[in-house]
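Following: one structure in structure tokens, then a few remarks.
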Number of protein chains: 2
Amino acid sequence: MPNALRVAVDLVVFTIRDGALQALLIRRGVPPFEGEWALPGGFVLDETLEAAARRELEEETGLQHVYLEQLYTFGDPGRDPRGRVVSVAYFALIRPEPVRASTDAAEARWFPAAKPPRLAFDHAAILEAGLRRLRAKLGYTTLGSQLLSEEFTLTQLQSLYQTLLERRFDKRNFRRRVLSLGLVRPVRGKTARGAHRPAQLYTFRSGPIQVLDDPIL
Amino acid sequence: MPNALRVAVDLVVFTIRDGALQALLIRRGVPPFEGEWALPGGFVLDETLEAAARRELEEETGLQHVYLEQLYTFGDPGRDPRGRVVSVAYFALIRPEPVRASTDAAEARWFPAAKPPRLAFDHAAILEAGLRRLRAKLGYTTLGSQLLSEEFTLTQLQSLYQTLLERRFDKRNFRRRVLSLGLVRPVRGKTARGAHRPAQLYTFRSGPIQVLDDPIL
DNA sequence: CCAAAAGTGTTGAAACTACACCCATGG
DNA sequence: CCATGGGTGTAGTTTCAACACTTTTGG
């Protein structure tokens, strides 16, 4: 019988806060890398890999029904000083607001995804992979919907794309595009939120994420 | 300490034969699923996951320096009757010709990727995932280069795309496209192979696979 | 000389880009 | 009344899709 390894899941959890993409990190309370920042995660029990990821995510954030997708599996010998650990990374998207990003024991905080602190293990590489995946899929899926609240203005949607892709779009062209693709549907009512002219609210037509025949960008 | 699982790699190995996409399958010589067809693969030793995949691939096909890419990780409890096995699937592309798809002991054969025989474990799902990945990446990377010999005619390249995507392209438009993208460079000399007018041979400009700014299709 | 694949241009339609001003509201 | 973000149309350019005939070679 071949040697036994341990299998873990690690989570790259993204949200938008203060107009920037942020990732959830945990301060480790136990060795190895005690006191350092790391991705949330843990060992897989008698459950599917995705269930393990959901369980860890709920333990850390209290959130359920979150968009979750398998990212990549990291398994180099030596990536964990405790021994051979193969880690299946998932990435999760959290809508703004109702986040209590603090768990019972360990400290949990949001950090700018672009420049995180020094991370334990190979977690910097995992985070990096999550970022690449997010950026890539933004263009040809409706993934972005999972980073906004259910109802949003077109300006918010445009800012999302501009923030993540570090690119600027023309307002009229952007609106024409998403509208003509039929991805999004106006909602009766307005947002009073601004101290300015109220904006029409929209929702994504499709509940689950879909891959587009022709890309948004 | 958490429960120990075992980690395996499984390989979806594609090639083009007889003008069709084929996948390499192995007849299992031992239980479980003895006598049934399965993807090549095996348990991970003290090596990286990719190294494990390469090792298994060389054992089965004798091939080295093959294009290999991690595909997805399958880990449902119960997917392997022997106990909990998490399998990291890789997919590999083999150029035509120099394949001895037969290993020492077990029987190995190519099957049409679109309609394989009944497969052991959850290997049908893994194969399916490989197919989807291949088709998707064909459009926006130079992945296809790994399924052709180093030098090829534009007609061969077009057939490759048509076969995999089950779609027909206009010859002039196709050629204009790949040529104007500068992906491909003519080679001095012709192919005498046909009983017809000789065709110009081309090679891909870039050795390794690259992601394209704007897609081929 | 014939079968078979190689090679090559044009045109109309559609999509894309760049660009500037008026509107509605809260303070 | 003014500052702030919301909302809208057009024209020039580029890209895309559809389409058919001549060329070269081996047998």
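In what follows, chains carry the letters A, B, and so on, assigned in the order in which the sequence lines appear, proteins first and then strands, with residues in each chain numbered from 1. What you see is a predicted model; the values in this text were computed from it and never measured.
- Straight-line distance from the CZ atom of Phe174(A) to the C1' atom of dG6(D): 15 Å, rounded to whole Å.
- When only modelled atom types and interatomic distance are considered, Tyr202(B) and Gln200(B) share no side-chain donor-acceptor pair under 3.5 Å.
- Taking atom CD on Gln200(B) and atom P on dG7(C), their separation rounds to 7 Å, with Å as the unit.
- Computed from coordinates, the Ile216(B) CD1 to dT15(D) P distance equals 17 Å when rounded to whole Å.
- Rounded to whole Å, the distance from CG on Asp214(A) to C1' on dC16(D) is 13 Å.
- Side-chain N/O atoms of Thr155(A) include one lying less than 4.0 angstrom from OP1 or OP2 on dG6(D).
- For dT25(C), its base never sits under 3.5 Å from the side chain of His196(A) at any donor and acceptor pair.
- Residue-to-nucleotide contacts include no donor-acceptor pair under 3.5 Å from the side chain of Asn173(A) to the base of dC16(C).
- Across the protein-nucleic acid pair, Phe152(B) atom CZ and dA6(C) atom P stand 14 Å apart, rounded to whole Å.
- A salt bridge links Arg118(B) with Glu36(B): at least one charged nitrogen is closer than 4.0 Å to a carboxylate oxygen.
- Here Arg55(B) pairs with Glu59(B) in a salt bridge; the nearest charged N to carboxylate O distance falls below 4.0 Å.
- Rounded to 10°, the angle separating the first-five-pair axis and the last-five-pair axis of the helix from dC1(C)-dG27(D) to dG27(C)-dC1(D) equals 10°.
- Under the 3.5 Å distance criterion, with hydrogens and angles disregarded, no donor-acceptor pair is assigned to the side chains of Arg95(A) and Ser149(A).
- A donor and an acceptor atom sit less than 3.5 Å apart, one in the side chain of Arg172(A) and one in the base of dA20(C).
- Taking atom CZ of Arg175(A) as the reference point, atom C1' of dA15(C) lies 20 Å away to the nearest angstrom.
- Under the 4.0 Å criterion applied to side-chain N and carboxylate O atoms, Glu69(B) and Arg133(B) are assigned as salt-bridge partners.
- Asp76(A) and Thr48(B) are not linked by any side-chain donor-acceptor pair at a separation below 3.5 angstrom, with hydrogens and angles left out of the test.
- Between the NZ atom of Lys171(A) and the P atom of dG9(D) there is a distance of 13 Å, rounded to whole Å.
- Along DNA chain C, the nucleotide nearest to Thr153(B) and the one nearest to Asp170(B) differ in position, and the one closer to the 5' end is contacted by Thr153(B).
- Ring orientation note: the planes of Phe152(A) and Phe204(A) are tilted relative to one another, at an angle of 30° to 60°.
- Annotation: of the two residues near DNA chain C, Arg176(B) and Arg197(B), the 5′-most nearest-nucleotide partner is Arg197(B).
- Taking atom CZ of residue Arg168(B) and atom P of nucleotide dA18(D), one finds them 14 Å apart after rounding to whole Å.
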